[in-house]
Amino acid sequence: MATDQPVRVRFAPSPTGFLHIGGARTALFNWLFAKHHGGTFILRIDDTDEARSTDESMRGIYESMEWLGLDWDEGPRVGGPHAPYIQTERGDLYRKYVQQLLDTGNAYRCYCTPDELDQMRTQARLEKRPQGYPGKCRHLTEADREELEAEGRTSTIRLKIPEGAIILRDLVLDVVKFEAETLDDFIIVRSNGSPLYNFTSIIDDIEMGMTHVIRGADHLSNTPKQLLICQALGIDPPQCAHLPMVLGSSKGEKLSKRHGATSVGQYRDDGYLPEALINFLVRLGWSYDDKEEIFSVAELIEKFDLDRVGKSGSVFDLKKLQWLNGHYIAQLDLSARADAVIPFLQEAGFLGETRSRTWLEQFVAAVGDRLETLADITSYSYFFTDDFDYDPKAVKKWWKGDPAGTLQGLRDVLAAVEVFDMEPVEAAIWAHIEAKEISRIKAMQPLRVALSGEAGGPGLFDIIVLLGKEKVLERLDRAISHIQEN
RNA sequence: GUCCCCGUCGUCUAGCCUGGCCAAGGACACCGGCCUUUCACGCCGGCGACACGGGUUCAAAUCCCGUCGGGGACACCA
């Protein structure tokens, strides 16, 4: 537990699915911790469950981490002094530790079959006894073993749990005490010879020189087991820090699909910016002070540390993510914002006809800070298509009195504007309004509804200029006849 | 059931270690107002919490005990 050593931390997902929000938060905390302390951030793939692990998941995880900007100093694709970083590729590296455990009497072979184990568990449950392994094969003699093996039985290897208390000094939770007797002799090697997570994970942590293990609180009950393995091996374990859970609702449930999107990739596809997600995620369990809410990655690297991580679980609040996202989108300069928004416009089929880069940037500028997600850009469809309806509420409120007459007046004025630029258009409309002695709003809003179908949105002159003279007159004619027909 | 963790506004949290500065601060959301050609932004204001019960103390959100509530883990999953 040499805390004066250079920090080495890891994120060790199992590739059984996409990168989950909770996993991303864990990865982020590890990454920030490493960066803050000038240490090394390692990505390791804990895929000892070969049945559930897929290459696709692995690629998805890399991709999501790269998108978030969580680059790893050692790990798959980049290599490193402890390569390979994929557990199933680490061969029989674990074997010598198993042998040592066996030789020192800290582990033993168990010949119970899964069926027998299952029965014991069911029985224990019925009798309301602890459901852990009762230690049946713990005291087998050499002769017993030979007999069992002669029957053709294969064996798993279990760790022999000693007596006494296990004291965990957690960087987040402080001191947590476990009684060894409440743990059972758990399996560290399957009957087919492959090692299990609780074993490989801590062995790799040691092999790879991790100074800290920062992971979700859902791993807390694994920790005493791993500590015991270290103890049996006579090795100093890394420092632990258990992060509070990310919850899905105020009911305290673990975040799941029921509460909305749970994968990092989904948020990317929904139009969230990585910097917004990072900022949001970091505040789930970590705070800096009683004021600051918005942090750039650089600031986080400077400010993040484990001592300001809280203990209680936090609910994923989409509203707050949206607010942050809106903030970061507004932060983007015009060109970057246009770039960011293009894929979403394409996806919606709005960029079919050629639009000039200039037009696009003017459009994005007109939309301004009205976006909470990049995908929100598609709600401004009337800039791209004539296929829109008049919002009934907008119609009711703004097409009152003699709307057709009002619009006709505006149409005539606009038709007379030669150069359809902002200044002349604006001047013409102002002049018309003054001449007619009507209030601005009573001319502007009906016009807005006619051009966009809506009562809100970007500046009206922006809309007019962006649409162009032809479109504007066309839509005015359409609105006028619509009004007359209804 | 057993073991472990957690418990401040609806939500994220500051404060808790080192009791008094807290008739509990900020942020999101919500509500109202201002700004404005609309919407949004922004600004101003409002609503709103120490789970409960004991104890210690001159004084408790802060320390102690208990209760209740929530969660996690109890696999030849990770």
Side-chain angles (χ1 to χ4, degrees), chain A residues 12-16 46-49 51-53 110 112-114 117-118 121 124-125 127-133 154-158 168 170 172-174 176-179 181-184 186-192 194 196-198 200-201 216-224 242 244-245 247 249-254 280 283-294 308 310-324 326-327 330 367-372 394 398 429-430 433 439-445 447-449 452 454-461:
Chain A
S14 69
T16 55
D46 282 10
D47 61 343
T48 49
D49 183 2
R52 293 198 302 151
S53 299
C110 168
C112 299
T113 65
L117 257 17
D118 214 41
R121 255 193 302 271
R125 209 187 336 264
E127 294 172 17
K128 299 196 174 186
R129 283 187 289 110
Q131 293 162 43
Y133 181 67
T154 53
S155 62
T156 59
I157 297 173
R158 290 181 184 272
L168 163 64
D170 190 275
V172 171
L173 300 173
D174 292 329
V176 184
K177 198 172 136 194
F178 301 88
E179 291 301 332
E181 61 190 32
T182 64
L183 267 36
D184 68 342
F186 61 97
I187 296 175
I188 58 175
V189 181
R190 292 185 180 89
S191 54
N192 70 5
S194 66
L196 262 70
Y197 168 79
N198 259 323
T200 56
S201 186
D218 48 340
H219 281 281
L220 188 55
S221 57
N222 287 325
T223 303
H242 288 90
M245 305 291 291
L247 277 14
S249 78
S250 47
K251 298 268 184 287
E253 301 158 314
K254 217 172 157 178
F280 175 71
R283 292 286 290 104
L284 255 31
W286 178 85
S287 62
Y288 179 64
D289 59 14
D290 62 344
K291 292 275 183 298
E292 285 183 75
E293 206 61 52
I294 289 174
R308 294 211 55 91
K311 299 179 179 185
S312 51
S314 20
V315 176
F316 184 97
D317 180 12
L318 188 62
K319 288 281 190 198
K320 186 158 180 182
L321 207 211
Q322 284 169 343
W323 168 71
L324 276 167
H327 168 83
V367 170
D369 55 21
R370 268 164 275 252
L371 303 176
E372 269 194 334
W398 297 111
I429 289 181
W430 286 152
I433 286 170
S439 70
R440 288 182 171 191
I441 201 168
K442 281 186 177 159
M444 306 284 274
Q445 283 301 85
L447 179 53
R448 173 184 292 281
V449 176
S452 72
E454 296 172 13
L460 186 52
F461 300 121

Subject >> Check: A:Tyr133 and A:Cys112 side chains under 4.5 Å, non-hydrogen atoms >> reply: yes
**OP:** Scan A:Thr156 against the nucleic acid and name what it touches under 4.0 Å (heavy atoms): base, sugar-phosphate only, or nothing.
**Re:** base
Original post:
Can you find a donor-acceptor N/O pair under 3.5 angstrom joining the side chain of A:Asn222 to the base of B:rA78?
Top reply: yes
**OP:** Output the single nucleotide from B:rC3, B:rC28, B:rA14 whose closest atom is nearest the side chain of A:Ser287.
**Re:** B:rA14
Subject >> Protein-nucleotide distance (A:Asn192, atom CG; B:rC76, atom P), rounded to Å >> reply: 13 Å
Subject >> Proximity to the side chain of A:Leu220 - top-ranked nucleotide from B:rC41, B:rU37, B:rC5 >> reply: B:rC5
**OP:** Give a yes or no on whether the backbone of A:Ser287 and the side-chain of A:Arg308 come within a donor-acceptor separation of less than 3.5 Å.
**Re:** yes
Subject >> Sugar-phosphate only, base, or nothing, as touched by A:Lys442 at under 4.0 Å among non-hydrogen atoms >> reply: nothing
**OP:** Select from A:Leu183 and A:Leu460 the residue whose nearest nucleotide in RNA chain B is closer to the 5' end of that strand.
**Re:** A:Leu183
Original post:
Quick check: are there more than 12 heavy atoms from other residues, nucleotides or ligands sitting under 6.0 Å from OH of A:Tyr288?
Top reply: no
Original post:
Below 4.0 angstrom from OP1 or OP2 of B:rC77, is there any side-chain N or O of A:Arg190?
Top reply: yes
Original post:
Can you tell me the Watson-Crick or wobble partner of B:rG53, both distances under 3.5 angstrom?
Top reply: B:rC65
Original post:
Which one, B:rA14, B:rA29, B:rU37, comes nearest to the side chain of A:Asp290?
Top reply: B:rA14
Original post:
CZ of A:Arg158 versus C1' of B:rA75: gap in Å, rounded?
Top reply: 10 Å
Original post:
A:Leu247 near the nucleic acid: base, sugar-phosphate alone, or nothing, with a heavy-atom cut-off under 4.0 Å?
Top reply: nothing
**OP:** Tell me what A:Arg121 touches on the nucleic acid: a base, only sugar-phosphate, or nothing, going by heavy atoms under 4.0 Å.
**Re:** sugar-phosphate
**OP:** Have a look at A:Gly285 and say if it touches a base, only the backbone sugar-phosphate, or nothing, with a 4.0 Å heavy-atom cut-off.
**Re:** sugar-phosphate
Original post:
What is the ring orientation for A:Phe461 with A:Trp430, classed by angle as parallel under 30°, tilted 30 to 60°, or perpendicular over 60°?
Top reply: perpendicular
Original post:
Using purine N1 to pyrimidine N3 plus N6-O4 or O6-N4 for Watson-Crick, or N1-O2 and O6-N3 for G-U wobble, each under 3.5 Å, what pairs with B:rC28?
Top reply: B:rG10
Subject >> Main-chain N/O of A:Arg448 paired to A:Ser452 side chain as donor or acceptor, under 3.5 Å >> reply: yes
**OP:** Send over the distance from A:Ile441 CD1 to B:rC39 C1', rounded to a whole Å.
**Re:** 11 Å
Original post:
Which is true for A:Asp369 with a 4.0 Å heavy-atom rule: it touches a base, it touches only sugar-phosphate, or it touches nothing?
Top reply: base
**OP:** Could you say whether A:Pro244 or A:Tyr197 is positioned toward the 5' end of RNA chain B, judged by the nucleotide with the nearest heavy atom to each?
**Re:** A:Pro244
Original post:
In whole Å, what is the span from the CZ atom of A:Phe280 to the C1' atom of B:rA27?
Top reply: 12 Å
Original post:
When the C1' atoms of B:rC35 and B:rA29 are considered, how many whole Å apart are they?
Top reply: 22 Å
**OP:** Have a look at A:Pro130 and say if it touches a base, only the backbone sugar-phosphate, or nothing, with a 4.0 Å heavy-atom cut-off.
**Re:** nothing
Original post:
Counting side-chain heavy atoms from C-beta on, which of B:rG7, B:rU38, B:rA78 comes nearest to A:Gln445?
Top reply: B:rU38
**OP:** Please determine, for the side chain of A:Arg308, which listed nucleotide (B:rU38, B:rA14, B:rG72) has the closest atom?
**Re:** B:rA14
Subject >> Min side-chain heavy-atom separation A:Ile294-A:Leu324 under 4.5 Å >> reply: yes
Subject >> B:rC3 versus B:rG46 - spacing of their P atoms, nearest Å >> reply: 49 Å
Original post:
Where the side chain of A:Ser312 is defined as all heavy atoms beyond and including C-beta, which of B:rC6, B:rA78, B:rA40 is the nearest nucleotide?
Top reply: B:rC6
**OP:** Figure out the NE2/C1' separation between A:His242 and B:rG72, and round it to whole Å.
**Re:** 11 Å
**OP:** Check the distance between B:rA27's C1' and A:Trp286's CH2 and give it to me in whole angstrom.
**Re:** 14 Å
Original post:
From B:rU13, B:rG71, B:rC77, pick the nucleotide closest to the side chain of A:Met245?
Top reply: B:rG71
Original post:
Say you pick atom P in B:rG26 and the same atom in B:rU36; how far apart are they, in whole Å?
Top reply: 28 Å
**OP:** For B:rG7 and B:rG55, measure between their P atoms and round to the nearest Å.
**Re:** 24 Å
Subject >> Rounded interatomic separation in angstrom, taking CG from A:Asp174 and P from B:rC16 >> reply: 14 Å
Original post:
How many Å lie between CZ on A:Arg440 and P on B:rU37, as a whole number?
Top reply: 5 Å
Original post:
With a non-hydrogen cut-off below 4.0 angstrom, is A:Gly457 in contact with a base, only sugar-phosphate, or nothing?
Top reply: base
**OP:** Evaluate side chain to side chain donor-acceptor pair (under 3.5 Å) for A:Gln131 paired with A:Arg125, printing each intermediate quantity in order.
**Re:** CA-CA 6 Å; A:Gln131 293 162 43; A:Arg125 209 187 336 264; 3.0 Å; yes
**OP:** Ignoring hydrogens and angles, tell me if any N or O in the side chain of A:Arg440 forms a donor-acceptor pair with the backbone of A:Ala443 under 3.5 Å.
**Re:** no
Original post:
Has A:Lys311 got a side-chain N or O lying under 4.0 Å from the OP1 or OP2 atom of B:rC6?
Top reply: yes
Original post:
Among the nucleotides B:rC5, B:rA14, B:rC12, which one has an atom lying closest to any side-chain atom of A:Val176?
Top reply: B:rC5
Original post:
Counting just side-chain N and O atoms, does A:Thr182 come under 4.0 Å of either OP1 or OP2 of B:rU2?
Top reply: no
**OP:** Indicate, with a heavy-atom threshold strictly under 4.0 Å, whether A:Phe178 touches base, sugar-phosphate, or nothing.
**Re:** sugar-phosphate
Original post:
Looking at B:rC3, B:rG72, B:rA29, which one has an atom nearest to any side-chain atom of A:Asp218?
Top reply: B:rG72
**OP:** Counting Watson-Crick and G-U wobble pairs only, both distances under 3.5 Å, name the nucleotide matched with B:rG20, or none.
**Re:** B:rC58
**OP:** Describe the nucleic acid contact of A:Pro224 in one word from base, sugar-phosphate, nothing, applying a heavy-atom distance below 4.0 Å.
**Re:** nothing
**OP:** Please measure how far the C1' atom in B:rA61 lies from the corresponding atom in B:rC9, and state the result in whole Å.
**Re:** 14 Å
Original post:
Nearest to the side chain of A:Leu284, which nucleotide is it out of B:rA40, B:rG25, B:rC12?
Top reply: B:rC12
Original post:
Is the closest side-chain heavy-atom distance between A:Ser53 and A:Pro15 below 4.5 Å?
Top reply: yes
Original post:
Given B:rC77, is OP1 or OP2 found less than 4.0 Å from the side-chain N or O atoms of A:Thr48?
Top reply: no
Subject >> A:His219 aromatic ring stacked with six-membered ring of B:rA78, 5.5 Å and 30° >> reply: yes
Original post:
Has the side chain of A:Ser221 got a donor or acceptor atom sitting under 3.5 Å from an opposite partner on the base of B:rC3?
Top reply: no
